[in-house]
Visitor: 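One structure, pasted below without further comment.
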Amino acid sequence: MLDIKLIREKPDFVRQRLATRGRGDEARIADIAVLDEQRRKLISEGDNLKAERNTVSKQIGALKSKGEDASVQMAAMKQVGERITALDAEVATLDAKLQDILLMIPNLPHEGVAVGKEAADNPEVKHWGDAPKFAFQPKAHWDIGEQLGILDFARAAKISGSGFILYKGAGARLERALINFLLDLHTSEHGYTEVFPPFLINRNAMIGTGQLPKFEEDMYRLRDEEMYLAPTAEVPVANIHRDEILREEQLPIYYCAYTPCFRREAGAAGKQTRGMIRVHQFDKVEMIKFVKPENSYEELEKMLANAEHVLQLLGLHYRVVLLCTGEVGFASAKTYDIEVWAPGQNAYLEVSSCSNCEDFQARRANIRFKGSDGKNRFVHILNGSGTALARLYVALLETYQQADGTVKIPEPLVPYMGGLREIRPA
RNA sequence: GGAGGGGUGGCUGAGUGGUCUAAAGCGGCGGUUUGCUAAACCGCUGUACGGGAUUAAAGCCUGUACCGAGGGUUCGAAUCCCUCCCCCUCCGCCA
């Protein structure tokens with residue numbers, strides 16, 4: 001959520017930054033200004049009446065305790081009370097309207113982010129390694145996986161529908177190996193504290209990180225309760241400190257967490273639905289940081305390096321792009337995407353997204369810290385995939401496939417695979 | 001799921017309709033004393049949103065709201081009523 005004071009004081013700046021996203025959000029700024037103005041006027045009027053009522057009510061108490069008559073004052077205050085009730089109701093209505101708009105307005109892109117419209121406008125910031133060369137035509141992961149008997153999309157569809165994955169044998173082991181490898185890496189080498197959060201999330205938490213109210217249709221929701229399936233560990237983990245005031249010396253806080261991620265992918269039908277590149281349930285290890293505002297961009301670079309380290313250890317070719325203003329996510333001010341090379345697709349696949357949301361989520365979730373000056377300030381919250389597993393799995397199968405159809409296991413995963421060095425047909 | 005008991009400031013905890021402007025203690029901050037430390041003593045103490053003076057910020061002056069959340073009763077609610085959430089105890093169920 002944007003700071004209403006910023007909108008009040010620098011509306012043109014806010015409008016200009018929002019306009020770079022190209023979604024027309026800046027059009028709502030004028031509405032906000034009007035509602036804010038009305039709201040403050042009514043609050044002021046109501047507060048004055050409340051002050052009067054408080055004073056007179058005390059006088060009534062004093063009169064009554066002396067046994068004197070206070071019926072004139074009581075009648076007058078009844079009138080005042082009715083006016084207060086009416087004003088409070090108007091303020092509540094305005095508040096609700098203001099919140100409705102504010103909760104739907106995205107974060108301001110950082111000023112260093114390139115203005116652009118679509119993925120093609122995302123500048124590439126770096127790349128690592130080279131695309132592997134094959135002496136044969138590299139296969140797609142769905143063929144490799146089915147021939148090895150480790151992936152079964154047809155049976156997953158029988159259980160759930162399209163967009164779900166059934167891993168089997170060494171394939172299931174590989175998924176579990178990756179989860180453990182990633183958690184071990186981030187906890188023992190990158191300084192993150194492992195957390196294991198709930199996967200069912202209440203509405204307030206979903207609002208806190210920005211999934212709701214705007215992206216309701218992308219979320220899976222329970223029928224009988226207002227609970228949502230976690231779309232990413234960012235939601236439960238960033239909400240750990242909701243409504244808290246942290247001590248300055250606690251910061252920065254680094255958490256990492258494994259969760260499955262559930263996404264309806266509404267409107268995505270027809271777009272690359274084969275295999276496991278876009279699915280309704282995938283595993284992910286996520287990194288989340290709570291940091292002081294003055295450090296947040298350094299922390300973003302460190303987080304990006306932590307995510308890159310995963311791909312480097314696994315020997316996978318990748319590139320890093322900086323999302324342009326039109327592509328930056330709703331809550332984020334600046335986002336790096338890491339795209340891993342998938343030879344069977346002849347394409348880069350997004351496996352990590354590292355974002356600095358600055359105080360956008362902290363304001364929604366009310367997460368502050370008390371500075372050395374005694375002032376409470378909102379923390380900056382960062383999140384980054386470290387990494388998404390389904391697409392990482394794709395890159396592993398397609399990169400390490402051999403001419404005979406087997407798949408080699410990269411060295412760091414071998415201990416997690418119980419010593420297995422390659423996956424052969426079952 | 002059922003019955004009962006709870007939820008008050010950073011923490012403990014008093015408060016059953018009117019100086020509650022929330023007692024007291026602990027902690028924290030500042031000060032006095034002191035060779036230093038400790039103790040003792042004195043003072044201060046939360047959050048949010050408005051209004052005012054000010055070039056602006058800080059600070060200041062002033063008001064309102066906040067005792068789990070939301071409604072209600074009343075001139076006046078931490079206190080009474082209703083709904084919901086969470087915690088504790090016991091019962092039931094269950095991995």
Side-chain angles (χ1 to χ4, degrees), chain A residues 1-11 13 32-103 196-208 212 222 224-228 236 239-251 253 293-294 359 362-379:
Chain A
M1 192 160 63
L2 298 182
D3 185 358
I4 184 74
K5 286 177 188 161
L6 181 68
I7 296 175
R8 198 183 288 159
E9 283 157 21
K10 297 179 177 171
F13 168 76
I32 292 173
V34 170
L35 290 169
D36 178 50
E37 177 79 34
Q38 289 175 350
R39 178 180 169 277
R40 284 190 294 153
K41 198 176 149 209
L42 293 176
I43 284 176
S44 187
E45 187 182 346
D47 279 1
N48 288 336
L49 290 174
K50 284 174 188 172
E52 183 189 351
R53 181 176 68 180
N54 287 345
T55 309
V56 176
S57 286
K58 268 176 207 155
Q59 291 169 0
I60 292 170
L63 287 171
K64 287 194 144 187
S65 66
K66 284 187 274 180
E68 294 176 20
D69 176 62
S71 54
V72 175
Q73 287 87 340
M74 282 166 64
M77 286 310 100
K78 192 172 176 63
Q79 299 285 313
V80 169
E82 281 161 11
R83 179 71 184 136
I84 288 170
T85 303
L87 284 170
D88 280 351
E90 283 185 66
V91 170
T93 305
L94 289 174
D95 267 339
K97 283 185 187 168
L98 206 48
Q99 283 299 306
D100 282 351
I101 299 174
L102 281 171
L103 288 175
F196 200 112
F199 303 158
L200 288 181
I201 316 286
N202 67 32
R203 187 173 177 85
N204 275 345
M206 295 286 279
I207 289 172
L212 295 182
L222 301 197
D224 297 326
E225 288 179 76
E226 186 140 40
M227 299 280 273
Y228 297 80
N239 275 284
I240 287 174
H241 296 294
R242 184 149 54 93
D243 291 319
E244 290 184 20
I245 298 173
L246 302 166
R247 283 173 290 111
E248 184 169 18
E249 56 283 10
Q250 286 179 270
L251 300 177
I253 296 172
E294 54 270 33
D359 63 7
R363 183 170 283 108
R364 286 174 165 242
N366 193 28
I367 304 172
R368 294 170 290 173
F369 73 100
K370 190 174 283 296
S372 46
D373 57 358
K375 292 281 180 207
N376 294 330
R377 294 152 73 199
F378 289 108
V379 298

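Lettering follows sequence order; numbering is per chain, from 1.
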Visitor: Quantified in whole Å, what is the P atom distance between nucleotide B:A78 and nucleotide B:G68?
Guide: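 Rounded to whole Å, the distance is 11 Å.
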
Visitor: Round to a whole Å and report the spacing from CD1 of A:I367 to P of B:U47.
Guide: 18 Å

Visitor: If only atom types and distance count, is the side chain of A:S44 paired as donor or acceptor with the main-chain N or O of A:K41 below 3.5 Å?
Guide: no

Visitor: A:R83 near the nucleic acid: base, sugar-phosphate alone, or nothing, with a heavy-atom cut-off under 4.0 Å?
Guide: nothing

Visitor: Sort out the partner of B:C41 for me: Watson-Crick or G-U wobble, both distances under 3.5 Å, none otherwise.
Guide: B:G31

Visitor: At 4.0 Å (heavy atoms only), tell me whether A:K370 reaches a base, stays on the sugar-phosphate, or touches nothing.
Guide: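 Sugar-phosphate contact only - A:K370 comes under 4.0 Å of backbone atoms but never of a base.
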
Visitor: Answer with base, sugar-phosphate or nothing: what part of the nucleic acid does A:K375 contact at a heavy-atom distance below 4.0 Å?
Guide: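 If one applies the 4.0 Å heavy-atom cut-off, A:K375 turns out to touch the sugar-phosphate alone, with no base involved.
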
Visitor: I'd like the C1' distance from B:C44 over to B:G10, given in whole Å.
Guide: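 Rounded to whole Å, the distance is 15 Å.
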
Visitor: With a 4.0 Å cut-off on N to O distance, would you call A:R83 and A:D88 a salt bridge?
Guide: no

Visitor: So if I take every side-chain heavy atom of A:R368 and compare against B:G63, B:U47, B:G51, which nucleotide ends up nearest?
Guide: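 Taking heavy atoms from C-beta onward, the closest nucleotide is B:U47.
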
Visitor: With sugar-phosphate meaning primed atoms plus P, OP1 and OP2, does A:M77 contact a base, only sugar-phosphate, or nothing at under 4.0 Å between heavy atoms?
Guide: sugar-phosphate

Visitor: Considering only side-chain heavy atoms of A:I60, which listed nucleotide, B:U64, B:G18, B:G50, is closest?
Guide: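 Output: B:G18.
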
